[in-house]
Every structure is written in structure tokens, then in C-alpha cells.
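Okay, so here's the structure we're looking at.
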Amino acid sequence: MKTRNTRTSTINARVPTFDEICEMAGFGDLKQDNRSGQNPIKRMAIWHYMHGEGVRLTDIARQSNRSHATVWSGIRRFKDYLGYGDKVSLALRDKINEVVSENG
């Protein structure tokens, strides 16, 4: 019988899901294959937040209908944007942190 690591289960239980974060932040449905406008950077910001909270790449990928390689690439790219001081990325990071902390 395959058992799940309890540490991972505990972390995932207290972190909102991809859909919940999208809904709380008012981003709409980001699971669709749509690269127009701000959709990709919003996805990357959510992935960055979830990964920072300890959610595994495979769990993030499963929740957002992407591969773990796509998620990992997006997280690294978003970290680079933050490192450069990109204003859009900083604003999205702050918005997600604020919305998640308000809602629990």
C-alpha cells in the first residue's frame, strides 16, 4: 500500500489550492491555455507563492493543469523578475500575500 508523506500532507492542507488563490485574488480561470495579457505572470506568481509555502511541484502542476517542468520554469522566471525589481511582479506577489493572509 502506498502511503503519503504526512509532512507534505500537512503543508498542503494549510495552503490554499491554485483555484482558491485565483478566486481570492480575482484572477479568474488561469488553468486554460491562454498566454494573453497578464495570465502567464499571474500563474507564475501563484506557483511561486505555493512553492514558497512548501507545496510540491507535482501537486502545483496537477492543480494548474501543467507539467512540473513548466511550473519549475515559471517559478525560476518569476524569481528572476523579482530579482530585477519588476513592478508588476512585485505588485502581484504583494497582492497574493495580502489576499491569502486576509482569508486565513
Side-chain angles (χ1 to χ4, degrees):
M1 179 166 91
K2 188 174 182 181
T3 60
R4 188 168 178 172
N5 182 342
T6 57
R7 181 182 172 298
T8 304
S9 299
T10 305
I11 289 171
N12 290 342
R14 63 184 166 95
V15 177
T17 65
F18 183 82
D19 289 331
E20 291 172 346
I21 295 173
C22 287
E23 184 179 323
M24 287 187 281
F27 292 159
D29 181 23
L30 295 178
K31 286 185 176 181
Q32 58 188 340
D33 292 334
N34 184 355
R35 289 187 264 164
S36 65
Q38 296 290 316
N39 288 344
I41 198 161
K42 289 176 183 176
R43 265 192 296 270
M44 289 186 279
I46 294 172
W47 294 340
H48 180 263
Y49 171 79
M50 293 176 75
H51 186 65
E53 291 295 314
V55 181
R56 297 181 316 158
L57 290 176
T58 53
D59 292 337
I60 297 170
R62 194 173 298 119
Q63 290 179 26
S64 58
N65 292 341
R66 301 290 190 275
S67 71
H68 78 281
T70 302
V71 171
W72 182 240
S73 175
I75 291 169
R76 287 186 304 155
R77 181 172 290 163
F78 193 76
K79 282 183 184 178
D80 288 344
Y81 291 160
L82 292 175
Y84 301 145
D86 180 54
K87 292 179 182 174
V88 173
S89 300
L90 292 169
L92 285 171
R93 181 196 62 190
D94 294 341
K95 180 176 182 176
I96 290 171
N97 287 334
E98 178 184 330
V99 167
V100 171
S101 66
E102 285 177 359
N103 291 315

Grab the two heavy atoms, one from [X] and one from [Y], that are nearest each other, plus how far apart they are.
X: M50; Y: P16; answer: CE-O, 3.9 Å
X: W47; Y: T70; answer: CZ3-O, 3.7 Å
X: S67; Y: A61; answer: C-CB, 3.6 Å
X: L30; Y: C22; answer: CD1-SG, 3.7 Å
X: A45; Y: I96; answer: CB-CD1, 3.5 Å

Return all side-chain donor-acceptor pairs below 3.5 angstrom for residues 71-88, not counting sequence neighbours, or 'none' if the list is empty.
from: D86; atom 1: OD2; to: S89; atom 2: N; distance (Å): 3.1
from: D86; atom 1: OD2; to: S89; atom 2: OG; distance (Å): 2.7

Would the distance check show the side chain of [X] and the main-chain N or O of [Y] forming a donor-acceptor pair, the cut-off being under 3.5 Å?
X: R62; Y: H68; result: no
X: N39; Y: R35; result: no
X: Q63; Y: F18; result: yes

Quiz prompt | Test item: H51 and D59 side chains (from C-beta on) under 4.5 Å apart, heavy atoms | solution =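 With C-beta onward as the side chain, the pair stays apart.
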
How many angstroms lie between atom [atom1] of [X] and atom [atom2] of [Y], to the nearest 0.5 angstrom?
X: Q38; Y: M44; atom1: CD; atom2: CE; value: 9.5 Å
X: S101; Y: M24; atom1: OG; atom2: CE; value: 9.5 Å
X: R93; Y: I41; atom1: CZ; atom2: CD1; value: 12.0 Å

Quiz item: Got more than 12 heavy atoms from elsewhere within 6.0 Å of CD, E20?
Solution: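 Yes, the 6.0 Å shell around CD holds more than 12 heavy atoms from other groups.
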
Exercise. Would you sort out whether R43 and I46 count as a side chain to side chain contact (heavy atoms under 4.5 Å, CB included), showing the intermediate values?
Key: CA-CA 5 Å; R43 265 192 296 270; I46 294 172; 6.0 Å; no

Self-check item: Audit row: T17, D19, side-chain hydrogen bond (donor to acceptor under 3.5 Å, both in side chains) steps and yes/no
Solution: CA-CA 5 Å; T17 65; D19 289 331; 5.3 Å; no

